[in-house]
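What follows is one structure encoded as structure tokens, with my remarks underneath.
Along the sequence shown, the residues carry numbers beginning at 1.
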Amino acid sequence: MSPSFDIFCKVVDNYGDIGVCWRLARRLAARPGSAAIRLWVDDLASFARIAPEIRPDVAVQTVADVTIVRWNEGEAPTAAVQPADIVIEAFACSPPEHYIQNMSARQLWINLEYLSAEDWVESCHGLPSLQPNGLRKFFFFPGFTPATGGLIREPDLLTRRDAFQADPQARLTLLAELGVQPEWLERLAAGGAALVYVFCYPQAPLPALLEALGRQDRDALVLMPKGVWSHSASSADCGARQVAIHRHDFVDQSHFDQLLWSSDLNIVRGEDSLVRAIWAGRAMMWQPYIQEDGAHLEKLDAWLARTPYSTPIQQAMRAWNDNSDLQAVTQALQPLLAPASLKEWSMQSLDWSSKLARSDDLVDHLLHFYANNHQTR
């Protein structure tokens with residue numbers, strides 16, 4: 001019998017935490033014979049920006065076969081609180097106390113950790129976290145190796161990606177819906193311009209990227225969600241080529257995937273966007289969540305060590321994240337943005353996504369873990 005799930009999420013950085021949890025909840029609900037899936041979220045307004053079907057004023061609602069419950073510490077329960085078979089606290093966000101009091105040793109309590117490529121993750125994945133009340137809680141680490149919890153991936157994801165990328169009109173239709181001007185659609189259709197998608201943190205050296213694009217042999221259109229970059233310019237005067245910036249409203253996760261599938265280069269941040277850029281199979285750069293002690297650079301190095309990317313690409317990503325010398329970032333990026341270089345970069349990404357897709361995904365790992373640790377009492 002398929003287990004039921006409760007997933008608890010506190011929205012910390014607006015979109016990363018809820019992005020992972022929403023993909024996980026939908027992936028679980030889409031399984032044949034799926035049992036009840038509930039997603040408990042403390043900030044429905046932020047959630048609604050990536051899932052427009054969500055109504056922030058409704059405490060309990062069902063979207064895509066997932067029951068969504070608004071919850072905050074101190075609030076009275078807004079839904080039945082009989083715990084599910086598998087209880088997932090995402091990123092150490094503990095369930096409400098009244099919920100925990102109803103749990104027993106029958107529940108499998110999962111602390112879903114942040115994604116990391118560091119070696120120590122394999123030795124910590126699946127370890128128990130002893131609880132004074134006798135509940136069974138375990139650490140669960142997503143990751144890039146069979147000894148971790150894997151990555152979220154829908155069974156038909158790469159098939160849908162390949163079909164989209166094989167249809168040039170699909171990209172143009174998507175961009176037109178986002179308000180891209182016809183003249184740029186024509187350039188993109190004719191191959192006379194590059195398309196770069198940017199979803200970064202504010203500290204990213206975007207002027208260096210624009211400068212490097214301006215030194216290429218073709219124009220470039222840079223897409224980014226509104227609010228990502230405080231600069232208000234719609235174009236950049238940097239080099240001989242035209243570099244335009246088009247800002248769009250936040251889109252749902254399906255359209256976000258399609259944007260990543262459409263671009264010649266994807267620059268992404270955080271966890272959910274990283275995984276989706278990997279599955280896109282296109283040239284990409286990653287900006288981890290920035291930490292004051294520089295731990296994000298160690299996280300980046302650990303991830304780069306598992307990628308197939310060449311030394312120049314890895315150096316460019318380090319320069320992008322170091323962000324201490326804009327000229328150095330431009331110089332590192334410039335040779336990589338030529339059409340032939342981007343094509344080779346994308347081939348490396350495509351091969352890696354195919355290799356990773358041969359392993360079980362996060363949901364498969366969760367279900368295997370439950371089967372091995374299930375208690376009926």
_According to a hydrophobic-cluster definition based on side-chain heavy atoms being under 4.5 Å apart (Ile, Leu, Val, Met, Phe, Trp, Tyr only), do M285 and L356 belong together?_
yes

*Does the R153 side chain pair with the main chain of W279, one donor and one acceptor, at a distance under 3.5 Å?*
no

*Would you please classify the geometry between the F141 ring and the H125 ring as parallel, tilted or perpendicular, with 30° and 60° separating the classes?*
perpendicular

*Can you get from V121 to L115 by hopping between Ile, Leu, Val, Met, Phe, Trp and Tyr side chains that sit under 4.5 Å apart?*
no

*Who pairs with S324 by side-chain contact (heavy atoms from CB on, under 4.5 Å), at least two apart in sequence or on another chain?*
D322

_Tell me every residue that passes side-chain contact (heavy atoms from CB on, under 4.5 Å) with I290, counting only those two or more places apart in sequence or in another chain._
Q203, Q287, H296

*Would L108 and R136 satisfy side-chain contact (heavy atoms from CB on, under 4.5 Å), going step by step from the backbone distance to the final call?*
CA-CA 6 Å; L108 184 65; R136 300 182 306 130; 4.1 Å; yes

_Heavy-atom closest contact (V198 atom, V222 atom, distance)_ = CG2-CG1, 3.7 Å

*Return each pair, listed once, that meets ring-ring contact (aromatic ring centres under 6.0 Å, His included) where at least one residue sits in residues 145-190; pairs must be two or more places apart or across chains.*
F164-W261

*asked:* Would you say R215 and T330 are linked by a side-chain donor-acceptor pair, where the criterion is simply a distance under 3.5 Å?
replied: no

*Same cluster or not: are W352 and I152 linked, directly or through other Ile, Leu, Val, Met, Phe, Trp or Tyr residues, by side-chain heavy atoms under 4.5 angstrom apart?*
yes

*Between Y114 and Y289, does the ring centroid distance fall short of 6.0 Å?*
no

*SB check R31 D65 (cutoff 4.0 Å)*: no

